[in-house]
S.K.: 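Mind looking over this structure? Questions follow.
Numbering starts at 1 and runs along the sequence shown.
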Amino acid sequence: MGQSSGDHNDYSSTFSDCNSDRSGEFPTTSSQGRRLLLACAADNCDDLIRQLVSDLDSCSIDEQKQAAMEIRLLAKNKPENRLKIAGAGAIKPLISLISSSDAQLQENGVTAILNLSLCDENKELIASSGAIKPLVRALKTGTSTAKENAACALLRLSQIEENKIVIGMAGAIPLLVNLLGYGSFRGKKDASTTLYSLCSVKENKIRAIQAGIMKPLVELMADFGSNMVDKAAYVLSQLVSLPEGKTSLVEEDGIPVLVEILEDGSQRQKEIAVAILLQICEDSLAYRNMVAREGAIPPLVALSQSSANRSKQKAEALIDLLRQPRSGNVAARTSDVSV
């Protein structure tokens, strides 16, 4: 599936990048709070960072928890600290904490790694230090916050292209699909963003389809109150480039949902719905007939008369397909209309 520059802009506004962890969720003593505030305000907090990194290897779980939490906050609140913390050797001991059986220690380790990954210079070091498999395990065993932040950390690491296959092979896709289906709103959002990134790779598209991603995607698109229609549709647009994706979408009754979006969705939702339907119908008479029977032509005509040039072309191409379903020439013409 090709992406025009306009589609890329739509993607960027649909998926806000996973951010660092939420503030205000850690109990600290007043002295600890003052120390962090002073460190965050200071131009040079190197001594504190070195001490905290040393404490990550403490025999005391409480000291490890406190050190990981403070590193987590230092990396969240001051971007320049992210390079300093990585340079002080924090990444490997933090990765070790991700495998801890202590839920809070694991969560702090996961989230500290997420916050460090927000610095592009750290992403390659984090991946090469062995973070991917522990982050995937955290997707399975962690607290809800740990799962959400593990998804975000994997998103950051997936921005290095070769990591996408590694993350998929480590078993992340079914766990992200589960988070998409059963997580909180934040979990669904983080899972959809990470899945969109990972599913630019064919192998991960297949893994996602086999993991049953189509059911939660269709359910989210059908629920206009979910605030997930756009995100789910963009993930779907990655998957219907494969025959297995088209088949799975039809089996999950996705065509009526896409036609409903054409009728009642926002302008951007209508644009992505018509692009998906165009991909589905290009090479299948059976799918064209299904789409036509669902009443797609009237909203497509309205879209073709009211939209920008990009959507107008797609809507007109799909109308031609539905009105002349046996015309090979029309199918050939639509192959040049990119999603």
Side-chain angles (χ1 to χ4, degrees), residues 11-26 36-37 39-46 48-49 52-53 56 67-98 105-136 138-139 142-164 166-167 170 172 176 179 186-187 189-198 200 231:
Y11 157 76
S12 298
S13 58
T14 299
F15 293 105
S16 56
D17 201 5
C18 287
N19 295 318
S20 59
D21 59 287
R22 293 158 290 179
S23 60
E25 53 185 326
F26 307 111
L36 278 178
L37 286 171
C40 288
D43 291 333
N44 190 333
C45 54
D46 295 2
L48 173 60
I49 288 172
L52 292 173
V53 172
L56 291 175
M69 182 271 288
E70 293 193 27
I71 287 173
R72 170 180 178 173
L73 289 178
L74 286 171
K76 169 186 171 65
N77 290 320
K78 201 168 185 184
E80 52 266 40
N81 285 339
R82 295 167 189 158
L83 273 176
K84 291 180 180 180
I85 292 168
I91 287 175
K92 285 192 174 181
L94 285 170
I95 290 171
S96 296
L97 298 187
I98 296 174
L105 192 54
Q106 180 190 54
E107 181 182 313
N108 285 340
V110 167
T111 312
I113 288 293
L114 165 61
N115 291 350
L116 293 175
S117 75
L118 298 176
C119 172
D120 288 340
E121 291 88 340
N122 287 338
K123 288 188 293 189
E124 187 171 345
L125 178 59
I126 291 170
S128 65
S129 296
I132 289 174
K133 287 185 178 179
L135 286 169
V136 171
L139 274 177
T143 65
S144 59
T145 298
K147 290 176 180 178
E148 292 160 2
N149 290 342
C152 285
L154 290 169
L155 169 66
R156 296 292 300 173
L157 300 185
S158 76
Q159 291 165 353
I160 298 175
E161 192 67 23
E162 55 265 31
N163 287 340
K164 293 180 180 181
V166 179
I167 293 168
L176 289 166
L179 187 60
R186 184 187 175 215
K189 177 176 70 69
D190 294 342
S192 68
T193 307
T194 306
L195 284 164
Y196 184 89
S197 175
L198 293 173
S200 64
K231 296 175 178 65

S.K.: To the nearest 0.5 Å, what is the distance between CD1 on I98 and NZ on K133?
M.R.: 14.5 Å
S.K.: Over all heavy atoms of both residues, which pair between A131 and P134 is shortest? Give the atoms and the distance, please.
M.R.: O-CD, 3.3 Å
S.K.: Side chains of D190 and L155: does their closest heavy-atom pair fall under 4.5 Å?
M.R.: no
S.K.: Do L116 and L94 have side chains that approach each other closer than 4.5 Å (heavy atoms only, starting at C-beta)?
M.R.: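 A side-chain contact under 4.5 Å exists here.
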S.K.: Rounded to the nearest 0.5 Å, what's the gap from CZ on R82 to CG on L118? Could you check?
M.R.: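 Result: 4.5 Å between the selected atoms.
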S.K.: To check you understand the geometry: which heavy-atom pair defines the closest contact between S128 and L125, and what is its length?
M.R.: OG-O, 3.2 Å
S.K.: Between CG of L114 and SG of C152, what distance do you get to the nearest 0.5 Å?
M.R.: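 Taking CG in L114 and SG in C152, the distance rounds to 5.5 Å.
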S.K.: Using a 3.5 Å distance criterion without hydrogens, assess whether the side chain of N81 forms a donor-acceptor pair with backbone atoms of L74.
M.R.: yes
S.K.: Measure the spacing between CZ of R186 and OG of S144 and express it to the nearest 0.5 Å.
M.R.: 9.0 Å
S.K.: Considering only NZ, NE, NH1 and NH2 on the basic side and carboxylate oxygens on the acidic side, decide whether E107 and R72 come within less than 4.0 Å.
M.R.: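 Judged by the 4.0 Å cut-off on N to carboxylate O distance, E107 and R72 do form a salt bridge.
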S.K.: What is the minimum heavy-atom distance between I95 and G130, and which atoms define it?
M.R.: CG2-O, 3.8 Å
S.K.: Is the shortest heavy-atom distance from the side chain of S200 to the side chain of E161 under 4.5 Å?
M.R.: yes
S.K.: Measure the shortest side-chain to side-chain distance between L97 and N108 over non-hydrogen atoms and say whether it is less than 4.5 angstrom.
M.R.: no
S.K.: Does L139 reach the side chain of L135, with side-chain heavy atoms less than 4.5 Å apart?
M.R.: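 Of all side-chain heavy-atom pairs linking L135 with L139, none is under 4.5 Å.
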S.K.: Any sub-3.5 Å donor-acceptor pair from R156's side-chain atoms to S117's backbone N or O?
M.R.: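 Looks like yes, one N/O pair under 3.5 Å.
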S.K.: At their closest point, which heavy atom of I91 faces which heavy atom of A86, and how far apart are they?
M.R.: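 Closest heavy-atom pair between I91 and A86: CD1-CB, 3.8 Å.
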S.K.: Specify the closest pair of heavy atoms between A172 and L154, including all atoms of both residues, with the distance to one decimal.
M.R.: CB-CD1, 4.3 Å
S.K.: Are the side chain of N163 and the backbone N or O of A127 linked by a donor-acceptor pair below 3.5 Å?
M.R.: no
S.K.: Answer whether the closest heavy-atom distance between the side chains of I85 and N115 falls below 4.5 Å.
M.R.: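 A side-chain contact under 4.5 Å is absent here.
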S.K.: For the backbone of T193 and the side chain of S197, can you confirm whether one donor and one acceptor N or O come within less than 3.5 Å of each other?
M.R.: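 Answer holds: no.
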S.K.: Please tell me if the side chains of T194 and L179 come closer than 4.5 Å, counting only heavy atoms from C-beta onward.
M.R.: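 No, every pair of side-chain atoms sits at 4.5 Å or beyond.
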S.K.: Can you measure from OG1 (T111) to CD (E148) and round to the nearest 0.5 angstrom?
M.R.: 9.5 Å
S.K.: What's the shortest heavy-atom distance between A146 and V110, and which atoms?
M.R.: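 For A146 and V110, the tightest heavy-atom pair comes out as O-CG1, 3.6 Å.
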S.K.: Do K123 and D120 have side chains that get closer than 4.5 Å, going by heavy atoms?
M.R.: yes
